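Protein chains get the first letters and strands the later ones, always in sequence-line order, with residue 1 at the start of each. All figures in this text were calculated on a predicted structure; none of them were measured in a lab.
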Amino acid sequence: MTKKDKAIEILKILREKFGHPKCALDYNSPFELLVAVILSAQCTDVRVNIVTKTLFKVANTPEDFANMPLLEIEELVRSTGFFRNKAKNIKLCSEQLLEKYNGDIPKSMEELTKLAGVGRKTANVVRGEIWGLADGITVDTHVRRLSNLIGFVNIEDPIKIEKELMKFVPKKDWIDFSHLLILQGRDICIARRPKCDICEIKEFCNYGNKKNFNS
DNA sequence: CTCCCGATAT
DNA sequence: ATATCAGGAG
């Protein structure tokens, strides 16, 4: 079975399980999504949503953050971890958006990844969510883990993983592919304790096929 | 490569 | 106690 066939089968099974996948981060504007994704680095979406619920009542535009004292932003985002970096990046990114793009979010990958705190993963998420654009595949910690366990790749670098996945995952499925692997990663293929015994895509997974690492 | 870093599950 | 959570910058 080719990797492409495997990917298509997995997509089919996970679509039946999860339906049409959507971003788990709460937001009401492209800018709010951008901030939420910056905050989501090494932090659960559940935690990010708790923080942004309060944060966006205080500030939810580039102007708001550009004018807010850094220490105040730090306190508001503290519980997401890496809070000094994240606060600094959100403020700097807001200033960059105002200076270069009149407060709007640029569409291109190149422009997005030049913004403070915005790497390839964040840019992929924003582009896919806001405009349905995908000239890349979002590779986060879940996509990386599952791609290796399933046997799609045998590397750890997210950029290289993305390039490999793009070779055989049908382009029309790039956005859903990431969403669905992330959902399966949270639900079943948990890093600490994968529930291979009840995994719906076990038969397509190198790891789950070898042995039943259950409960 | 290292550093950033709090909350949570195990 | 320790690994892990929708990573990015220097």
Polar side-chain atom of A/Glu74 near backbone of A/Phe83 as donor-acceptor pair, under 3.5 Å: no
Euclidean distance for P, B/dA7 against C/dG8 (whole angstrom): 22 Å
Close approaches to DNA chain B from residues 82-97 of chain A, in residue order (heavy atom, under 4.0 Å): A/Phe82, A/Phe83, A/Arg84, A/Asn85
Phosphate OP1/OP2 of B/dA9 contacted by A/Arg193 side-chain N/O (<4.0 Å): no
Atom P, compared across C/dA6 and B/dC1: separation rounded to whole Å: 23 Å
A/Lys86 backbone acceptor or donor facing A/Lys91 side chain under 3.5 Å: no
Short side-chain to backbone donor-acceptor contact, A/Asn67 and A/Glu63, under 3.5 Å: yes
Selected nucleotide, minimal atom distance to A/Ala191 side chain, candidates C/dT4, C/dA6, C/dG7: C/dT4
Phosphate contact (C/dC5 OP1 or OP2) by A/Arg186 side-chain N/O below 4.0 Å: no
Selected nucleotide, minimal atom distance to A/Arg145 side chain, candidates B/dT8, C/dC5, B/dG6: C/dC5
Sugar-phosphate only, base, or nothing, as touched by A/Val143 at under 4.0 Å among non-hydrogen atoms: nothing
Interatomic distance, A/Lys160 NZ vs C/dG7 P [rounded to whole Å]: 20 Å
A/Asp64 side chain vs A/Thr61 backbone, donor-acceptor pair below 3.5 Å: yes
Sugar-phosphate only, base, or nothing, as touched by A/Thr141 at under 4.0 Å among non-hydrogen atoms: sugar-phosphate
Sub-4.0 Å heavy-atom contacts from residues 122-133 of chain A onto DNA chain B, ordered by number: none
Main-chain N/O of A/His142 paired to A/Asp140 side chain as donor or acceptor, under 3.5 Å: yes
Contacts of type side-chain contact (heavy atoms from CB on, under 4.5 Å), residue A/Glu111, not counting sequence neighbours: A/Tyr101, A/Pro106, A/Ser108
Phosphate contact (C/dG7 OP1 or OP2) by A/Arg120 side-chain N/O below 4.0 Å: no
Euclidean distance, atom CG of residue A/Leu39 to atom P of B/dA7 [Å, nearest integer]: 14 Å
Donor-acceptor under 3.5 Å (A/Thr80 side chain, A/Val77 main chain): yes
is_close_aromatic(A/Phe168, A/Phe152), centroid dist under 6.0 Å: yes
Atom-pair distance (CD on A/Gln42; P on C/dT4), nearest Å: 11 Å
Touch class at under 4.0 angstrom, heavy-atom based, for A/Leu181 against every strand present: nothing
Interatomic distance where CG belongs to A/Leu115 and P belongs to C/dG7 [whole Å]: 19 Å
Any side-chain donor near an acceptor of the partner, A/Lys17 and A/Gln184, under 3.5 Å: yes
